[in-house]
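To keep things clear, I will list the structure first and then write my remarks on it.
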2 protein chains.
Amino acid sequence: MNSGSANEMTENCPIARWRRKKEARPSEILDAALAQFVEKGFRATKMEDIARAAGVTKGTPYLYFQNKEDILKAVVRETLVANLKDIQLLAGQHAGSTAGLLHLMVETWWHKVGSAPSAGLCKLMIAEASNFPELAQFYFDEVIQPSTEMMALILQRGIDQGEFRPLPVAHAVDALMAPLISTMIMNHSFGQLPGCPLASTHNPLAYLKDALDLVLSGILKK
Amino acid sequence: MNSGSANEMTENCPIARWRRKKEARPSEILDAALAQFVEKGFRATKMEDIARAAGVTKGTPYLYFQNKEDILKAVVRETLVANLKDIQLLAGQHAGSTAGLLHLMVETWWHKVGSAPSAGLCKLMIAEASNFPELAQFYFDEVIQPSTEMMALILQRGIDQGEFRPLPVAHAVDALMAPLISTMIMNHSFGQLPGCPLASTHNPLAYLKDALDLVLSGILKK
DNA sequence: ATCAAGCTACTGAACAGTGATTTATTAATT
DNA sequence: AATTAATAAATCACTGTTCAGTAGCTTGAT
């Protein structure tokens with residue numbers, strides 16, 4: 001919400017005195033942490049980086065959070081879990097064809113997640129999952145599992161209504177999610193390299209739509 | 001090649017005297033490093049882990065390699081670049097239909113890369129790319145770029161021969177690779193979690209074949 | 001309204017553990 | 001005896017976390 005506004009004063013004016021802001025600090029720290037984590041990864045982000053980006057000093061984050069891992073958990077909750085709920089809502093409200101819903105979901109996902117810092121956070125979770133099993137479990141339970149279940153329900157409904165042909169739902173779910181995952185991954189690893197010509201980094205939204213159409217043509221009844 | 005055999009003696013017999021093996025050391029160290037990197041990731045792997053796994057002490061790897069990053073580069077060269085060449089050879093020799101070639105490539109890829117330590121290494125490169133730009137560029141130039149070009153050539157040939165319908169080649173290439181990428185990613189991040197029901201981690205080869213068929217049905221001429 | 005006096009958000013220096021790399025020393029091989 | 005592969009102790013830089021001290025804010029008596 002107030003991302004970037006936390007440190008106007010402290011950054012512009014070296015003589016600035018600090019203020020006491022008990023209410024605002026936590027979210028300022030989380031906003032700063034999100035940006036730093038996405039930019040540098042979890043391990044490479046120092047507590048001092050987070051603190052400075054939030055306009056405070058090293059010790060302050062420890063007034064509001066247990067430790068670095070706790071901050072990451074809070075960031076994930078604020079962004080990814082929230083994103084997922086938005087999309088679940090969208091899916092629940094939709095009335096038209098299931099194929100149309102999938103198109104709408106991809107587009108919405110791109111705007112809210114794929115092209116946002118959230119995507120960097122997903123990539124970070126994937127990168128760090130094996131180093132932090134507890135964190136991995138948390139992310140799996142709160143994000144991956146619910147997403148997968150939602151997609152499975154949607155596909156199953158498409159089959160039941162005769163719009164899709166019968167197919168192994170679990171495989172189709174993964175096939176639909178794979179382009180999203182690889183887009184996030186690529187954009188936040190090799191995407192910034194000079195002269196990277198991957199479709200998913202060059203024109204992501206167009207790629208995502210084409211990828212969806214390719215898979216859909218295998219799913220739809222002929 | 002001799003993975004795991006490097007340290008028979010040193011591990012079993014605490015009083016064992018070390019031996020001088022100038023020729024064998026580099027590959028023993030690289031084998032050990034591959035295993036450690038795949039298990040723990042790059043940063044979390046200590047030089048001492050690598051050394052001990054190779055049956056030597058901390059200082060020894062520095063006799064053969066500049067530093068930790070240099071070891072990773074060498075590991076990537078020995079495995080991923082070699083894997084790619086194998087698959088390029090396979091593609092070059094194939095005679096039958098292009099769709100058949102794609103099926104063969106997926107199966108071969110699974111045996112040589114997807115289910116092997118190589119997959120863990122790919123995931124590691126993705127995870128660390130943004131922290132090591134030079135390494136990222138190296139991997140992009142040596143692995144990603146050539147893979148993409150190979151796939152593009154294959155698809156283009158399929159189109160030229162009238163087997164595939166005309167389509168945006170770059171998008172289709174990414175759509176074909178996405179399931180492979182997400183399989184590697186998932187298997188080496190959340191795949192080991194208790195009760196992970198993702199298709200790509202539960203029965204990867206079956207999933208990969210289904211995913212290929214789904215995309216193929218969008219590519220093939222009707 | 002003013003102004004202490006106390007509360008506590010915040011600071012920043014110090015601590016402690018870690019891990020990459022160096023180097024003086026040891027001992028296998030020739 | 002000379003050579004040098006390998007060791008293991010020492011170095012050095014880094015960073016998560018703590019904590020004693022500082023200063024912004026609030027309160028309540030005047």
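Residue numbers start from 1 in every chain, and the chains themselves are labelled A, B, ... in the order their sequence lines are given, proteins ahead of strands.
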Between [options], spot the one nearest the side chain of [X], thanks.
X	options	result
A/K22	C/dT21, C/dA9, D/dT18	C/dA9
B/K46	D/dG16, D/dA5, C/dA20	C/dA20
B/K68	C/dT21, D/dT7, C/dA9	C/dT21

For [X] and [N], what is the distance between atoms [atom1] and [atom2] respectively, to the nearest whole Å?
X	N	atom1	atom2	value
A/E69	D/dT15	CD	C1'	16 Å
B/R19	C/dT30	CZ	P	12 Å
B/F132	C/dA20	CZ	C1'	12 Å
B/K21	C/dT29	NZ	P	11 Å
A/L63	D/dC19	CG	P	13 Å
B/R52	C/dG19	CZ	C1'	13 Å
B/F65	C/dA20	CZ	P	16 Å
B/I29	C/dT21	CD1	P	14 Å

Counting only side-chain nitrogens and oxygens, does B/R25 get under 4.0 Å of the OP1 or OP2 atom of D/dA5?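 For D/dA5, OP1/OP2 do not have a side-chain N/O of B/R25 under 4.0 Å.
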Below the 4.0 Å mark, does D/dT7 have OP1 or OP2 next to a side-chain nitrogen or oxygen of B/T60? yes
For B/R20 and for B/Q66, find the nucleotide of DNA chain C with the closest heavy atom, then tell me which residue's nucleotide is more 5'.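 In this pair, the answer is B/Q66.
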Apply salt bridge (Lys or Arg N to Asp or Glu O under 4.0 Å) to the pair A/R52 and A/E48, showing each step before the final yes or no. CA-CA 6 Å; A/R52 237 202 310 270; A/E48 195 167 4; 3.7 Å; yes
Classify the side chain of A/K58 and the base of D/dT17 as holding, or not holding, a donor-acceptor pair under 3.5 Å.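 A donor-acceptor contact between them is present.
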With DNA chain D as reference, determine whether B/R43 or B/Y64 sits nearer its 5' end, using the nearest nucleotide of each.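 Counting from the 5' end, the first nearest nucleotide belongs to B/Y64.
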Parallel, tilted or perpendicular: ring planes of B/Y207 versus A/H171, cut at 30 and 60 degrees: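 The arrangement is perpendicular - the two ring planes meet at more than 60°.
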How are the rings of A/F42 and A/F37 set relative to one another: parallel (under 30°), tilted (30 to 60°) or perpendicular (over 60°)? tilted
Can a side-chain donor-acceptor contact be found between B/N187 and B/T201 if the only test is distance below 3.5 angstrom? no
Give the C-alpha distance, both sets of side-chain angles, the deciding distance and a yes or no for side-chain hydrogen bond (donor to acceptor under 3.5 Å, both in side chains) between A/H103 and A/D213. CA-CA 9 Å; A/H103 272 286; A/D213 282 334; 3.0 Å; yes
